[in-house]
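The structure appears right after this line, and notes come after that.
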Amino acid sequence: MKIEAIILREIRMPLVHFFETSFGRTTERRILLIELKCNGFNAWGECVAGENPFYCEESVDTAWYVTLKYLAPSIAGKNFDQATECIPMFGRVRGHHMAKAAVENAIWDAEAIEKKIPLWKLLGGTHNEIPCGVSIGIQDSVEQLLEKISTELEAGYQRIKVKVKPGWDLAVLEKIRNKWPGILLSCDANSAYRMEDVEHLKKFDRFNLLMIEQPLWNDDFYFHARLQKQLKSAICLDECIHNARDAQAAGELGSGRIVNIKVGRVGGFSEAIRVHDVCQSHHIPVWCGGMLESGIGRSHNVALSTLPNFSLPGDVSASKRYWKDDIIEPEVQVSAAGMISVTDAPGRGYQVREDLVEKFTVRKQEIRPAAAVSSIR
Ligand code: OSB
Ligand code: MG
């Protein structure tokens, strides 16, 4: 396909319910969307960076800058047979994985549309439905959290993950376990604990958790290995895995027994597939994490989750948990058995509601190939 133009947009979408983690509360999402104008069709990508650099170093504004100044100009006017051809074009830019992923994934979206095959098959997916879990943020009260869990269990979700931090952990988990002794339950600390907390973290073992996600520093997998040796519960790595080498090192060190793959965090579908493969060779099951995506990123997460080693329920859940109106048609829906099905429709399998995208847009910029400069005499 030929990339005739790249359109950057920032959209704003209010969440139906606030989402709070150990690093803060989000009530509205600012989202950078990438639209590719190709020969005869449009393709889309979503940047999952947050408004602030609190989950990782990137934010909506750093991603906008890097995409506008470096990534988009490097692909404008180029012809691609395969999405992977863009990777060397981004090579000079260090880091900025979420910005790179948004552009790379848009090119994968384009490749699937052009080849008239489902994106999930293009990525190497083998499952035609994926098991779903939910991630539930810190609430104003434990009662409110228990009510939310009960709603999600009734909706069919197969695994409940709750956010924890010092002061919102053991007592909360105890109330949940007393009420639901048998459910698949996990927790996510988003790096809120330190090695001095090891005795405290050992107490999590009594709740028979499926996993404790990223208990220690965001950039560490050495001390996670030390901690894992002292815990019965499996550690799941999120923030600290940026590429397949990290996954390999974490596998060799024994830093965790499960990995959460977020396609934005690792820089795009190509690297996400490599992380998946490395984990598989270390017998580490993976699941697909979420970043409060709109329908575009969500549809891409659904496609990625069909790969064979995605063997635990992910944080990929129904559009309506996040948005009054999602920007795709149909919205992502979850069955009463807690599954999302994929179809054989070409591309991402969900139409983008361009009218709604336009309505939510607060800034927009188009990049076209630089016109050939003719020298003036
Ligand atoms: O750590 O998984 C995380 C949301 C924002 C930042 C980090 C995380 C999360 C989630 C939300 O847990 C998952 C979702 O999209 O529902
Ligand atoms: Mg996490």
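We count residues from 1, following the sequence as given. Atoms considered below: every heavy atom in the structure, side chains included; atoms not considered: hydrogens, waters and symmetry mates. For clarity, every value in this text was computed on a predicted model and none was experimentally measured. When a ligand or atom number is given, it counts from 1 through the structure's own listing order.
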> Side chain or backbone of Thr26 under 4.0 Å from ligand 1, or both, or neither, by non-hydrogen atoms?
Replying inline: neither

>> Using a 4.0 Å cutoff against the non-hydrogen atoms of Phe19, which atoms of ligand 1 qualify?
In response: 4 (C), 9 (C), 10 (C), 11 (C), 12 (O)

>> Checking contacts here: is it the side chain or the backbone of Thr21 that comes within 4.0 Å of ligand 1, counting heavy atoms only? Could be both or neither.
In response: neither

>> Distance check below 2.8 Å: does Glu239 bring an N, O or S atom to the Mg ion (ligand 2)?
In response: no

> Does Leu292 reach ligand 1, in the sense of a heavy atom lying below 4.0 Å from it?
Replying inline: yes

> Between Phe310 and His276, what is the ring plane arrangement, given parallel below 30°, perpendicular above 60°, and tilted in between?
Replying inline: parallel

> In terms of atom number and element, which parts of ligand 1 are under 4.0 angstrom from non-hydrogen atoms of Asp238?
Replying inline: 1 (O), 2 (O), 3 (C)

>> Check contact between Gln214 and ligand 1, using heavy atoms of the residue and a distance below 4.0 angstrom.
In response: no

> What atoms in ligand 1 come closer than 4.0 Å to a heavy atom of Lys161?
Replying inline: 2 (O), 12 (O)

> Are Glu239 and Asn190 linked by a side-chain donor-acceptor pair shorter than 3.5 Å?
Replying inline: yes

>> Looking only at the aromatic ring of each residue, does the gap between the centers of His96 and Phe90 stay below 6.0 angstrom?
In response: no

>> For Val134, which part has a heavy atom under 4.0 Å from ligand 1: side chain, backbone, both, or neither?
In response: neither

>> When you compare the side chains of Tyr322 and Ser317, does any donor N or O come within less than 3.5 Å of an acceptor on the partner?
In response: yes

> Quick check: does Asp315 have an N/O/S atom under 2.8 Å of the Mg ion (ligand 2)?
Replying inline: no

